[in-house]
Amino acid sequence: MRVRFAPSPTGVLHIGGARTALYNWLLARGEGGKFVLRVEDTDRERSTPENVEQILEALRWLELDWDEGPISQVERASRHREQIDRLLADGRAYEDEGAVRLRVPDEGETVVHDAIRGEIAFPHHSIDDFVIARSDGSALYNLAVSVDDLDMDITHVIRGADHLSNTPRQAMIMEALGAQPPVFAHLPLLHGLDGKKLSKRHGAASVQALRESGYLPEAVRNYIALLGWGLDASTTFLSTDELVEGFSLGRVSKSPAVFDEQKLRWMNGRYLRELAPLDLATRLEAITGRTGLEPAASVAQEKMQTLADFWPLAGFLVEPQPTDEKAWAKVMTEGTEERLRIAGEELEALEDPWTNEGVEQALRGVVERLEVKPKEVFQPLRVALTGSTVSPGIFESVVALGREETLVRLRAALGRLELAT
RNA sequence: GCCGCCAUCGUCCAGGGGACUAGGACGCCGCCCUCUCACGGCGGAAACGGGGGUUCGAAUCCCCCUGGCGGUACCA
């Protein structure tokens with residue numbers, strides 16, 4: 001088995017393309033076949049090395065490795081010309097104002113065998129003699145892909161359903177070339193939440209955007225696999241191995257799917273929480289360019305959905321954050337000064353080691369001593385330390401911050417309160 | 001216009017003649033947990049587009065309609 005993924009080198013790998021790549025890859029890996037890459041563009045202008053590299057980078061990020069390629073169609077121009085001449089010589093094609101057209105019979109039909117949709121018949125009367133080469137001699141898409149697929153011994157062509165009506169043309173070219181067409185499979189298209197074709201308007205619609213938004217490749221892979229395919233009635237989480245093992249074209253859906261970023265976020269959060277803290281920290285360090293993030297990472301982990309959530313949630317552990325004035329005004333009320341002062345004293349007096357249990361005991365002690373509600377101590381403390389009313393658990397936060405830094409920030413807050421009175 | 005594809009909760013995925021009182025997940029609502037926000041737990045609302053057939057029986061098979069989508073390029 002040889003499957004090929006043939007992206008347009010626009011420099012952007014959109015979600016639909018990523019899913020096509022994933023399905024091809026899963027199929028190849030599952031059957032012990034080859035996953036080959038080919039740049040699908042006969043136009044020299046767009047096929048820049050930079051654009052191609054961006055696609056490859058996105059595939060690498062998704063951990064979809066390839067066995068061969070990428071082969072550029074532009075570089076295959078002379079081979080395409082050779083086959084065009086052959087069709088001309090065989091009388092299967094003819095020249096029309098400089099362009100070359102394939103002869104399509106008026107009668108009959110071409111039947112395409114699709115692994116997902118079954119047999120599809122295209123009546124010949126609805127297909128004109130179509131152009132296979134421009135008047136400058138260069139090959140057009142339908143001819144180029146057909147020649148390339150044949151030369152590369154491609155056995156399975158899996159692509160988006162938008163290519164369905166190209167398929168009879170390609171099958172006819174292959175037939176005219178005296179070859180058997182490969183197995184075709186057309187995946188349902190992907191739409192945005194508004195039912196329209198997926199595009200930049202729909203948030204993170206490309207792999208690159210997803211990556212920048214802090215999604216994990218394993219979560220993206222899992223989520224994308226489920227857009228148009230499902231193992232059974234209840235399985236949602238599948239490792240790459242399980243995906244390779246369980247994937248089959250026969251279970252691919254025929255109807256279009258809608259890309260729902262909310263569900264991806266949820267799934268990403270689940271994957272994030274299963275990461276070892278060190279692993280999470282390493283990934284965060286890679287995108288923030290900072291080091292020593294492990295303590296902060298493990299504190300923030302339970303509340304993050306994407307890597308991008310880290311900074312708003314736990315940035316205060318790395319460096320002091322500006323105080324949210326609305327939060328300050330809300331929690332710094334009558335009596336907070338005393339509560340914070342006593343909390344500070346308790347923490348200062350707390351014996352080593354500086355642990356979660358010790359900190360919790362000390363702070364709950366303050367609550368009991370003053371006979372107030374827990375939040376009346378914890379919320380002002382939270383704002384004093386983090387600058388916000390939203391943060392990871394207060395005990396973990398204090399522990400991660402360390403005694404010294406906790407006291408520094410507490411004193412700063414107390415200073416501000418004194419100034420105000 | 002012509003050709004083709006598709007049609008189950010708002011969304012994704014199951015169910016492919018009787019097991020369907022249509023299942024799971026996201027989201028939504030409620031309750032619980034709780035130091036905030038989350039996580040988690042429990043519960044709830046929520047779908048077979050319409051009409052004809054076939055059949056003892058249809059979400060499932062057939063036809064028509066409607067709707068959505070794709071193509072109809074010397075684009076890919």
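A note on names: the letters A, B, ... follow the listed sequences, proteins ahead of strands, and every chain is numbered from 1. Not measured: the values here are computed from a predicted model. Only heavy atoms go into these numbers, but all of them, side chains included; no hydrogens, no water, no symmetry mates.
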Could you tell me whether [X] contacts a base, only the sugar-phosphate backbone, or nothing, with contacts defined as non-hydrogen atoms closer than 4.0 Å?
X: A:Ser8; value: sugar-phosphate
X: A:Ser391; value: base
X: A:Asp136; value: nothing
X: A:Ala121; value: sugar-phosphate
X: A:Arg273; value: sugar-phosphate
X: A:His186; value: nothing
X: A:Ile394; value: base
X: A:Pro123; value: sugar-phosphate

Tell me: [atom1] of [X] to [atom2] of [N], nearest whole Å?
X: A:Tyr141; N: B:A73; atom1: OH; atom2: P; value: 16 Å
X: A:Leu385; N: B:C35; atom1: CG; atom2: P; value: 17 Å
X: A:Leu370; N: B:C35; atom1: CG; atom2: P; value: 16 Å

Tell me if the side-chain of A:Ser126 makes a donor-acceptor pair with the base of B:C2, cut-off 3.5 Å, by modelled atom types.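 Under the 3.5 Å cut-off, the side chain and the base do not form any donor-acceptor pair.
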Ignoring hydrogens and angles, does a donor from either the side chain of A:Lys303 or the base of B:C37 sit under 3.5 Å from an acceptor on the other? yes
I want to verify a distance call: between [options], whose nearest atom is closest to the [X] side chain?
X: A:Asp162; options: B:G70, B:C74, B:G40; answer: B:G70
X: A:Arg134; options: B:C35, B:G71, B:C74; answer: B:C74
X: A:Trp266; options: B:G27, B:C69, B:C74; answer: B:G27
X: A:Arg117; options: B:C5, B:A14, B:U36; answer: B:C5
X: A:Arg101; options: B:C3, B:C74, B:G24; answer: B:C74

Would you say the ring centers of A:Tyr23 and A:Phe5 fall short of 6.0 Å from each other?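 No, the ring of A:Tyr23 stays outside the 6.0 Å limit from the ring of A:Phe5, centre to centre.
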salt_bridge([X], [Y]) N-O dist < 4.0 Å:
X: A:Asp148; Y: A:Arg4; value: no
X: A:Arg265; Y: A:Asp309; value: yes
X: A:Arg341; Y: A:Glu345; value: yes
X: A:Arg211; Y: A:Glu57; value: yes

Short N/O separations, protein against nucleotides 10-12 of chain B, under 3.5 angstrom:
residue, atom, partner, partner atom, Å
B:C12, OP1, A:Val258, N, 3.1
B:C12, O2', A:Leu226, O, 2.9
B:C12, O2, A:Lys263, NZ, 3.3

With respect to the phosphate group of B:C13, does any side-chain polar atom (N or O) of A:Arg251 fall under 4.0 Å of OP1 or OP2? no
Taking only side-chain N and O atoms of A:Arg364, does any of them lie within less than 4.0 angstrom of OP1 or OP2 on B:C35? yes
Write out all pairs satisfying ring-ring contact (aromatic ring centres under 6.0 Å, His included) with one or both partners inside residues 134-167 of chain A, taking only residues at least two apart or from two chains. A:Tyr141-A:His163
Tell me whether B:C39 sits syn or anti, counting syn as a glycosidic angle within 90° of 0. syn
How are the rings of A:Trp266 and A:Phe237 set to each other: parallel, tilted or perpendicular (split at 30° and 60°)?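 The rings of A:Trp266 and A:Phe237 sit tilted, inter-plane angle from 30° to 60°.
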